[in-house]
Visitor: 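Dropping a structure here in structure tokens format, bear with me for questions.
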Amino acid sequence: VQQGDRVGAVAVGRDRTKLYQHDFKQAESSRQDSAGNMDRADRGGIGTVMKRKKKIFLAGCLCALAVSAVLAIAVINRSEKETILKFAMFSDSNWGVSGDNTSKIVEQAIKEFEEEHPGVKVVYESGIRKEDYTEWLEGKILLGEEPDIFMVSADVFNILASKGALLDLREFMDEDQTFREDRFYHVAIESGEFEQKQYALPYESVPMLMAVNITLLNELQIDLPENDWTWSDFHAICRRVTRDTDSDGKIDQFGVYNYTWKDAAYTNGTLLFDKNGKENYVSHQDVINAVNYVHKINMLTDGYLVTAKDFESGTVAFSPMLLSEYRMYKNYPYSIEKYNNFEWTCLTMPAGPKGDNISEVDTLLTAISSRSNYRKLAWEFMKKLTCDEGIQERVARESKGVSVLKDVTENTQVYDPEDEIDRSLLSLSMQKGVIVPRFYQYDEAMRIMDEGVQEAMESEKNIKASLIALHKKIDSFLKNE
């Protein structure tokens with residue numbers, strides 16, 4: 001609104017006030033004139049009626065005041081007895097899959113918590129889609145209206161923690177005699193750390209696994225690898241599988257789809273950035289070896305870019321896959337939508353010479369607002385979501401991830417017998433899991449790194465020299481030079 005508009009608006013407002021006052025006075029004057037012209041007898045009769053009406057009116061007012069007072073006391077008493085704890089999460093899956101029952105599990109946790117804490121009401125902010133949730137939460141934080149406790153995805157956790165939006169939980173963790181940190185998988189609890197402080201507890205995790213086309217391996221009389229397999233095993237199988245099956249001069253059967261240099265780097269025992277996003281490791285020898293290895297794998301297809309459709313059709317032996325996708329497509333009704341023309345399962349990722357069968361692990365977290373007035377209650381509800389075995393058993397059975405509690409994940413009685421999943425694989429992938437550091441500039445830094453590595457693999461230049469130059473470029477970006 002321009003300055004002139006604001007002045008005009010004020011003037012209009014004043015004019016409206018004057019007009020209202022004028023009309024009111026004019027109406028009052030007319031009423032008095034009419035009253036003055038009345039006959040004395042008429043005025044007397046009307047006066048008696050008016051007195052009666054006045055008494056009735058006063059009695060009605062007194063009744064209304066009494067009712068209002070009773071209602072006010074009831075509201076006050078209720079507010080004194082009931083504490084409102086605000087909680088929020090998104091309505092759909094954190095992993096982008098269907099058939100996830102997270103909302104129902106949370107509703108059960110709320111019901112149990114309220115029964116265990118009389119006088120406490122958990123108000124659940126629901127109906128927010130995952131794609132809108134971060135923007136919604138950040139908006140609430142800017143307005144000072146954020147919930148007391150809320151779910152946080154890994155991609156925004158470090159940002160919120162660095163801005164002081166999250167409460168450091170260490171004091172609660174140390175003083176609460178019912179809390180045991182060693183019940184959690186280390187990779188899960190570590191997901192909620194930032195700069196040596198614990199700002200969140202894990203609710204559910206999803207590791208990266210390697211999907212395997214068993215039917216294709218059986219046709220070629222190749223044994224299914226064990227969960228301690230290596231880069232060497234992986235390359236040997238890919239080399240045997242990759243071939244021209246119909247002798248038309250084109251390769252139509254492939255070793256792997258979507259295996260990236262990042263997958264190889266993690267399994268070779270290295271990360272790409274430090275936790276705070278101050279350093280990048282793209283030129284370290286272990287990363288260089290990983291890039292060279294993936295380049296070697298890619299060369300087997302003679303330039304053909306293997307697609308998701310190829311894997312779905314059954315002509316590819318391997319593909320990295322999140323546990324959430326595996327669990328979704330292994331169970332009805334989604335099992336009839338994809339991968340239904342061949343038998344398949346999942347393994348660990350193949351280990352590099354300097355690493356292990358390491359899986360990248362993504363974890364959904366719970367955090368408490370640093371401005372919450374009900375921190376103790378929020379902590380108790382956080383424990384209900386993350387530490388309660390009954391709730392975590394439902395996570396294991398009904399969600400698409402894995403429980404963050406060791407005892408739950410490793411309990412063979414927890415899972416549905418029809419859920420085709422290797423319990424030992426889940427435990428192993430969590431024990432050997434790694435967290436990818438997320439920081440404020442991560443997405444852009446990762447884009448620069450990924451494009452640079454892809455260019456290095458596709459060019460005629462020496463990969464090592466290209467990655468050294470790339471390291472300097474990313475270093476300048478991280479330092480805002």
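Side-chain atoms are counted along with the backbone in the values below, which use heavy atoms only and exclude waters and symmetry mates. Not measured: the values here are computed from a predicted model.
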Visitor: Show your reasoning for whether side chain to side chain donor-acceptor pair (under 3.5 Å) applies to Asp233 and Thr230.
Guide: CA-CA 5 Å; Asp233 300 324; Thr230 66; 3.2 Å; yes
Visitor: Take the angle between the ring planes of Phe90 and Tyr133 and call it parallel below 30°, perpendicular above 60°, tilted in between.
Guide: perpendicular
Visitor: To the nearest 0.5 Å, tell me how far Arg240 CZ sits from Leu217 CG.
Guide: 9.0 Å
Visitor: Mind checking whether Lys262 and Thr260 have side chains closer than 4.5 Å, heavy atoms only?
Guide: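 Lys262 vs Thr260: side chains touch.
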Visitor: Whether the side chain of Asp132 engages the backbone of Trp136 through a donor-acceptor N/O pair (distance < 3.5 Å, no angle test) should be reported.
Guide: no
Visitor: Kindly determine whether Asn480 and Gln441 satisfy side chain to side chain donor-acceptor pair (under 3.5 Å), including the steps that lead there.
Guide: CA-CA 10 Å; Asn480 295 314; Gln441 298 172 300; 3.1 Å; yes
Visitor: Looking at Ser427 and Ser424, would you say the former's side chain and the latter's main chain have a donor-acceptor pair under 3.5 Å?
Guide: no
Visitor: Could you check whether any side-chain N or O of Thr366 sits under 3.5 Å from a backbone N or O of Leu201, counting only pairs where one atom can act as donor and the other as acceptor?
Guide: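 Present.
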Visitor: Would you say Arg129 has more than 12 foreign heavy atoms packed within less than 6.0 Å of its CZ?
Guide: no
Visitor: Could you list the donor-acceptor pairs under 3.5 angstrom formed between side-chain atoms of residues 139-149 and any protein atom two or more places apart in sequence or on another chain?
Guide:
from, atom 1, to, atom 2, distance (Å)
Glu146, OE1, Arg371, NH2, 2.9
Glu146, OE2, Ser369, OG, 2.6
Glu146, OE2, Arg371, NE, 2.9
Glu146, OE2, Arg371, NH2, 3.2
Asp148, OD1, Ser372, OG, 2.7
Asp148, OD2, Lys86, N, 2.8

Visitor: Yes or no on side-chain contact (heavy atoms from CB on, under 4.5 Å) for Thr267 and Asp356, after CA distance, side-chain angles and deciding distance?
Guide: CA-CA 6 Å; Thr267 58; Asp356 206 336; over 6 Å; no
Visitor: Run the side-chain contact (heavy atoms from CB on, under 4.5 Å) check on Lys464 and Gln285 step by step: do they pass?
Guide: CA-CA 8 Å; Lys464 182 175 182 178; Gln285 191 59 49; 3.8 Å; yes
Visitor: Indicate the atoms forming the closest heavy-atom contact of Gly314 with Leu216, along with that distance.
Guide: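 Shortest heavy-atom contact: O-CD2, 4.1 Å.
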Visitor: On the 0 to 90° scale, with breaks at 30° and 60°, tag the Phe273-Tyr442 ring pair as parallel, tilted or perpendicular.
Guide: perpendicular
Visitor: Step by step, work out the salt bridge (Lys or Arg N to Asp or Glu O under 4.0 Å) result for Arg394 and Glu398.
Guide: CA-CA 6 Å; Arg394 288 197 65 178; Glu398 302 172 34; 2.8 Å; yes
Visitor: Passes side chain to side chain donor-acceptor pair (under 3.5 Å), Thr307 versus Asp310? Steps please.
Guide: CA-CA 5 Å; Thr307 66; Asp310 292 321; 3.0 Å; yes
Visitor: Donor-acceptor check, side chain of Asn357 to backbone of Met349, threshold 3.5 angstrom: yes or no?
Guide: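 Confirmed, Asn357 side chain pairs with Met349 backbone.
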Visitor: Taking the six-membered ring of Phe439, is the NZ or CZ of Lys278 close enough (under 6.0 Å from the centre) and on axis enough (within 45°)?
Guide: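 No.
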Visitor: What pair of heavy atoms forms the shortest contact from Trp229 to Thr348, and how long is it?
Guide: NE1-O, 2.9 Å
Visitor: Using atom types as modelled and distance alone, determine if a side-chain donor or acceptor of Asn292 lies under 3.5 Å from a backbone N or O of Ile288.
Guide: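 Here the side-chain-to-backbone pair exists.
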Visitor: Would the number of heavy atoms belonging to other residues, nucleotides or ligands and lying under 6.0 Å from NZ of Lys376 be above 12?
Guide: yes
Visitor: State which residues pass salt bridge (Lys or Arg N to Asp or Glu O under 4.0 Å) with Glu226; sequence neighbours excluded, sorted by chain then number.
Guide: none
Visitor: Counting only heavy atoms not in Tyr304 (residues, nucleotides, ligands), do more than 12 fall under 6.0 Å from its OH?
Guide: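 Enclosed.
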Visitor: Among Glu115, Glu114, Glu116, find the one that has a salt bridge (Lys or Arg N to Asp or Glu O under 4.0 Å) with Lys384.
Guide: Glu116
Visitor: Between Phe342 and Phe311, what is the ring plane arrangement, given parallel below 30°, perpendicular above 60°, and tilted in between?
Guide: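 Correct class here is perpendicular.
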Visitor: Could you tell me whether the side chain of Arg327 and the main chain of Gly401 form a donor-acceptor pair under 3.5 Å?
Guide: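 Looks like yes, one N/O pair under 3.5 Å.
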Visitor: Can you classify the ring geometry of His235 versus Tyr293 as parallel (below 30°), tilted (30 to 60°) or perpendicular (above 60°)?
Guide: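 Geometry flag for Tyr293 against His235: tilted rings.
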Visitor: Are any side-chain N or O atoms of Thr270 and backbone N or O atoms of Ala265, one a donor and one an acceptor, separated by less than 3.5 Å?
Guide: no
Visitor: Counting distance only, does the side-chain N/O of Gln392 pair as donor-acceptor with the main-chain N or O of Leu385 below 3.5 Å?
Guide: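 It does hold such a pair.
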Visitor: With ring centroids as reference points, do Phe234 and Phe318 lie under 6.0 angstrom apart?
Guide: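 Centroid separation for Phe234 and Phe318: below 6.0 Å.
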Visitor: Side-chain donor-acceptor pairs under 3.5 Å in residues 150-161, sequence neighbours left out?
Guide:
from, atom 1, to, atom 2, distance (Å)
Ser153, OG, Asp155, OD1, 2.4
Asn158, ND2, Arg438, O, 2.1

Visitor: Consider side-chain hydrogen bond (donor to acceptor under 3.5 Å, both in side chains). Of Ser399, Ser403, Ser324, which one does Glu204 pass it with?
Guide: Ser399
Visitor: Check the pair Lys111, Glu107 against salt bridge (Lys or Arg N to Asp or Glu O under 4.0 Å), reporting the backbone distance first and the verdict last.
Guide: CA-CA 6 Å; Lys111 180 176 181 293; Glu107 288 168 4; over 6 Å; no
Visitor: Should Lys354 and Asn289 count as side-chain neighbours, where that means a heavy-atom distance under 4.5 Å?
Guide: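 No; the side chains remain at least 4.5 Å from each other.
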Visitor: Counting only N and O atoms by type, is there a donor-acceptor contact under 3.5 Å from the side chain of Arg375 to the main-chain atoms of Leu167?
Guide: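 No, because the side chain of Arg375 does not come within donor-acceptor range (under 3.5 Å) of the backbone of Leu167.
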Visitor: For Lys383, look at atom NZ and say whether over 12 heavy atoms of other residues, nucleotides or ligands are found less than 6.0 Å away.
Guide: yes
Visitor: Under 6.0 Å from the CD atom of Glu171, do we count more than 12 heavy atoms belonging to anything else shown?
Guide: no
Visitor: Between Val256 and Val306, is a side-chain contact (heavy atoms from CB on, under 4.5 Å) present by the stated rule, with each step listed?
Guide: CA-CA 8 Å; Val256 64; Val306 185; over 6 Å; no
Visitor: Check step by step if side-chain contact (heavy atoms from CB on, under 4.5 Å) holds for Leu470 and Ile468.
Guide: CA-CA 5 Å; Leu470 180 60; Ile468 290 173; over 6 Å; no
Visitor: For Glu455 and Ser466, indicate whether the former's side chain and the latter's backbone hold a donor-acceptor pair under 3.5 Å.
Guide: no
